[in-house]
There are 4 protein chains.
Amino acid sequence: MSISERKNRDKEIIKEKIVNTATELFSLYGYEHVSMRKIAEKIEYSPTTIYNYFKNKNELLFVLLKHGYKLFYHSLDTARKDNEKENFDRKLKEVFRAYIEFGLANKDYYKLMFMMNIDSDDSLMGCENEKAKAFSILMSLAGEGNKHHYFINSNEMLVSQIIWGQLHGITSLLISYQNFSWIPNEVLIGNYMESILIGLKK
Amino acid sequence: MSISERKNRDKEIIKEKIVNTATELFSLYGYEHVSMRKIAEKIEYSPTTIYNYFKNKNELLFVLLKHGYKLFYHSLDTARKDNEKENFDRKLKEVFRAYIEFGLANKDYYKLMFMMNIDSDDSLMGCENEKAKAFSILMSLAGEGNKHHYFINSNEMLVSQIIWGQLHGITSLLISYQNFSWIPNEVLIGNYMESILIGLKK
Amino acid sequence: MSISERKNRDKEIIKEKIVNTATELFSLYGYEHVSMRKIAEKIEYSPTTIYNYFKNKNELLFVLLKHGYKLFYHSLDTARKDNEKENFDRKLKEVFRAYIEFGLANKDYYKLMFMMNIDSDDSLMGCENEKAKAFSILMSLAGEGNKHHYFINSNEMLVSQIIWGQLHGITSLLISYQNFSWIPNEVLIGNYMESILIGLKK
Amino acid sequence: MSISERKNRDKEIIKEKIVNTATELFSLYGYEHVSMRKIAEKIEYSPTTIYNYFKNKNELLFVLLKHGYKLFYHSLDTARKDNEKENFDRKLKEVFRAYIEFGLANKDYYKLMFMMNIDSDDSLMGCENEKAKAFSILMSLAGEGNKHHYFINSNEMLVSQIIWGQLHGITSLLISYQNFSWIPNEVLIGNYMESILIGLKK
DNA sequence: TATGAATGAGTTTTCATTCAT
DNA sequence: AATGAATGAAAACTCATTCAT
């Protein structure tokens with residue numbers, strides 16, 4: 001590994017450290033309540049240092065969101081691929097589960113990505129592609145279902161929007177209202193997914 | 001109307017003006033991004049004046065949320081009562097529609113109440129009752145359905161949580177992503193509700 | 001009593017109420033920490049009302065100080081007169097005691113009058129006369145002592161300044177440091193006065 | 001001097017500048033009347049800068065008082081040590097003089113330390129040790145005097161409290177009432193101290 | 001590359017005070 | 001005489017950000 005390569009790697013490591021810390025803090029206390037100073041303190045660098053890696057707080061958020069969308073896409077994509085050979089019913093279910101579980105396992109990211117409405121800021125438009133890619137998985141599943149005449153409704157767009165709505169609903173509520181007296185997760189989520197499928201299937 | 005009555009009314013009018021403006025701005029830019037000064041400017045009073053009506057920014061939020069929850073409860077309750085005599089299917093659907101339409105007609109409130117996770121602050125616990133009351137409508141509908149053996153699932157809590165999740169899903173997405181290429185509202189919402197019902201019915 | 005007399009009396013009563021409350025609060029929390037609103041609340045009037053009786057906060061302080069100086073003068077004067085016939089030694093001691101006891105019994109006033117250096121404000125110069133009158137008692141005692149060749153030092157001004165310094169010393173410390181581990185008051189004050197007298201007597 | 005040493009020194013210089021200015025202003029106008037902004041203006045920095053050196057206004061006061069108590073202790077201690085070999089009479093007098101002269105030479109500090117009753121705030125308890133140390137000098141002198149059977153009174157605590165009261169009396173009055181028609185300082189202070197000594201000596 | 005120093009703009013909030021009634 | 005409504009001025013403090021080194 002050349003010196004410049006090493007340097008690049010070091011740089012990436014620090015960048016990642018910053019992004020991870022920021023993600024954690026943003027989601028824990030909310031974007032507004034986390035100051036650059038607090039991020040810096042946590043990683044034991046000076047606040048100024050962060051500016052050597054990110055133009056400003058907004059860019060940090062941008063990078064972080066992009067990363068989040070990538071992870072999210074990857075989760076759904078993996079679920080789909082891992083069940084490529086299974087029957088469609090099963091595949092669908094596993095992708096649904098992947099969606100919800102991503103949210104619960106990455107509350108930080110899910111909040112920032114889908115619940116805080118943060119990227120309506122003009123400055124963050126760049127993330128849209130990544131987001132679209134993730135949504136496209138749901139779209140393609142709807143398309144695939146249609147080929148099998150699986151859904152009651154043959155409009156792919158409509159089906160995928162319904163699915164998204166339903167998946168987002170339970171995921172975001174479970175994240176927001178952690179102290180609510182929810183039915184145990186496994187039971188709730190299992191039944192919820194079942195309900196979605198029945199509601200859509202022919 | 002006596003003088004003191006008129007005065008009281010004037011006071012209420014200003015209070016309402018403040019609450020409305022705050023609601024709008026909070027929902028538009030987020031609670032943290034809206035300063036007392038900005039609210040004051042919009043209503044063309046001095047910042048100090050707001051403090052003559054509300055102890056502090058937090059209390060303003062508190063009052064506002066309480067108001068929102070009341071409106072919300074009222075919307076659902078009206079829908080239920082107006083369809084008391086209808087068959088259960090119809091009644092359910094109308095309450096669902098009332099939920100979603102409340103959100104779309106009162107985006108500001110819906111955001112503040114259900115999407116910004118703002119009232120996890122201890123200081124706002126007083127609102128919880130109003131919120132619980134609203135949720136209890138869904139609960140009682142689930143109970144009513146059970147009496148008729150309407151739902152596939154006889155656990156009222158489970159049913160109402162599934163319903164809430166699904167209603168919240170589409171409502172919050174439509175609010176958050178207004179620029180997304182949604183299927184026309186009437187079509188989308190109609191099909192969405194249909195899908196929910198099928199998914200739950202025996 | 002005529003109507004206008006009654007009105008005047010009422011007015012005086014309220015004025016006094018304000019002054020008393022202000023005195024108490026000023027001394028308790030410090031002039032700066034007491035807002036007009038707090039005074040008003042305590043007497044259960046609106047803040048505006050105070051302005052019907054006093055031009056502003058400063059004038060309130062002014063009146064209050066004037067009142068304090070009067071009380072103070074009266075205390076010393078009474079002690080002197082009550083002991084007119086006693087031997088000079090005794091008379092002196094009783095006036096000393098009156099000084100210290102006034103301070104301890106009226107910590108509020110004593111602080112405002114002699115410890116907060118408040119009336120160096122130009123606006124309060126009017127009080128000076130009252131203060132001077134009080135000090136003149138010490139002066140005249142020094143003069144009286146000299147006639148009897150009582151003091152080691154025949155300069156009246158010098159003697160009275162020494163006395164004032166000594167009396168003020170213990171009084172202000174006892175007020176300021178109430179939690180200090182003082183010798184019991186009676187013992188301390190008795191010995192203190194003894195010490196002063198011995199130090200001055202021929 | 002290394003670079004880091006120089007930096008440290010620079011930092012200390014600014015800190016000192018802030019402390020000095022604050023001391024002057026606090027004593028001149030009172031702690032409450034001096035805003036961070038005013039201090040900043042005087043040293044020609046931005047208000048924010050002060051917060052880079054002191055956590056908040058209270059800490060600034062705290063540091064300042066601690067410094068004052070140290071100076072005060074040092075003054076008395078020096079006077080005592082410088083006169084270790086002298087007879088007790090002389091030593092006592094010189095320490096008395098040191099007390100009074102410290103007050104007159106450091107009016108700002110003396111006011112803040114002993115006249116403004118500022119450190120009864122819980123937040124400032126840390127200063128108490130320094131204050132106690134200063135008072136302990138008077139105590140030890142009283143003890144020393146007792147060994148020689150110097151004082152009329154053998155209770156050390158009592159003697160030291162009397163002394164403190166008397167020293168504080170003249171010091172604080174001279175500071176507070178600078179426009180009063182005092183006997184010339186040297187005369188007044190000389191006689192005052194003489195009077196104290198006579199009053200205490202056997 | 002990393003950072004100490006500095007700051008302008010902004011925050012919530014409090015207060016003395018005025019004015020019309 | 002009493003007061004509700006309104007405000008300008010100021011307070012302490014925080015933050016994202018820049019700059020020079």
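Throughout, a chain's letter reflects where its sequence line sits, starting with A, and its residues are numbered from 1.
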(message) Looking at every non-hydrogen atom in both residues, tell me the closest pair between Met36(A) and Asn56(A) and how far apart they are.
(response)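 It is CE-C, 4.1 Å.
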
(request) Return the minimal non-hydrogen interatomic distance between Glu59(D) and Tyr53(D), and the atom names on each side. (result)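 In this case the closest contact between Glu59(D) and Tyr53(D) is OE1-O, 4.2 Å.
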
Nearest whole angstrom, please: distance from the [atom2] of [N] to the [atom1] of [X].
| X | N | atom1 | atom2 | value |
| --- | --- | --- | --- | --- |
| Glu41(C) | dC15(E) | CD | C1' | 13 Å |
| Leu60(B) | dT13(E) | CG | C1' | 14 Å |
| Glu59(D) | dC13(F) | CD | P | 11 Å |
| Lys11(B) | dA6(F) | NZ | C1' | 12 Å |
| Ile13(B) | dA5(F) | CD1 | P | 13 Å |
| Tyr29(B) | dG10(E) | OH | P | 15 Å |
| Ile14(D) | dG4(E) | CD1 | P | 14 Å |
| Glu12(D) | dA5(E) | CD | P | 11 Å |

(message) Each nucleotide in nucleotides 14-21 of chain F should get exactly one letter: B, S or -. Can you fill that in based on protein heavy atoms under 4.0 Å?
(response) BBSBBB--

(request) Determine, step by step, whether His33(A) and Phe26(A) satisfy the ring pair (Phe, Tyr, Trp, His ring centres under 6.0 Å) criterion, reporting the C-alpha distance in whole Å, the side-chain angles of both residues, the deciding distance to 0.1 Å, and the verdict. (result) CA-CA 8 Å; His33(A) 284 129; Phe26(A) 284 171; over 10 Å; no

Flag side-chain contact, heavy atom, 4.5 Å: [X] against [Y]:
| X | Y | value |
| --- | --- | --- |
| Tyr29(D) | Lys38(D) | no |
| Met116(A) | Met115(B) | no |
| Leu65(C) | Leu61(C) | yes |

(message) With hydrogens left out and only the distance checked, is there a donor-acceptor pair under 3.5 Å joining Asn52(B)'s side chain and the base of dA6(F)?
(response)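 Under the 3.5 Å cut-off, the side chain and the base do form a donor-acceptor pair.
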
(message) Does the Lys NZ or Arg CZ of Lys55(A) fall within the cation-pi geometry relative to Phe62(A) - under 6.0 Å from the ring centre and within 45° of the axis?
(response)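 No, cation not above the ring by the 6.0 Å, 45° rule.
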
(message) Counting only side-chain heavy atoms from C-beta out, which of dA2(F), dA6(F), dT3(E) sits nearest to Ser46(A)?
(response)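 Selected nucleotide (nearest to the side chain): dT3(E).
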
(message) Reading DNA chain E from 5' onward, which residue's closest nucleotide shows up sooner: Thr49(A) or Glu44(D)?
(response)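 Whichever sits nearer the 5' end wins; that is Thr49(A).
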
(request) Could you run through DNA chain F and flag its stems, i.e. three or more consecutive Watson-Crick or G-U pairs with both distances under 3.5 Å? (result)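 Counting only runs of 3 or more consecutive pairs, the stems involving DNA chain F are E:2-21 with F:2-21.
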
(message) Donor-acceptor pair, distance only, cut-off 3.5 Å: does the side chain of Thr23(A) make one with the backbone of Val19(A)?
(response)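 Yes; judged by distance alone, with no hydrogens or angles, the pair exists.
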
(message) Quick check against the 3.5 Å criterion: does Lys111(D) have a side-chain atom that pairs as donor or acceptor with the backbone of Asn106(D)?
(response)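 A pair under 3.5 Å: no.
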
(message) At less than 4.0 Å, is any side-chain N or O atom of Tyr53(B) found next to OP1 or OP2 of dA6(F)? Yes or no.
(response)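 Affirmative; the distance criterion is met.
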
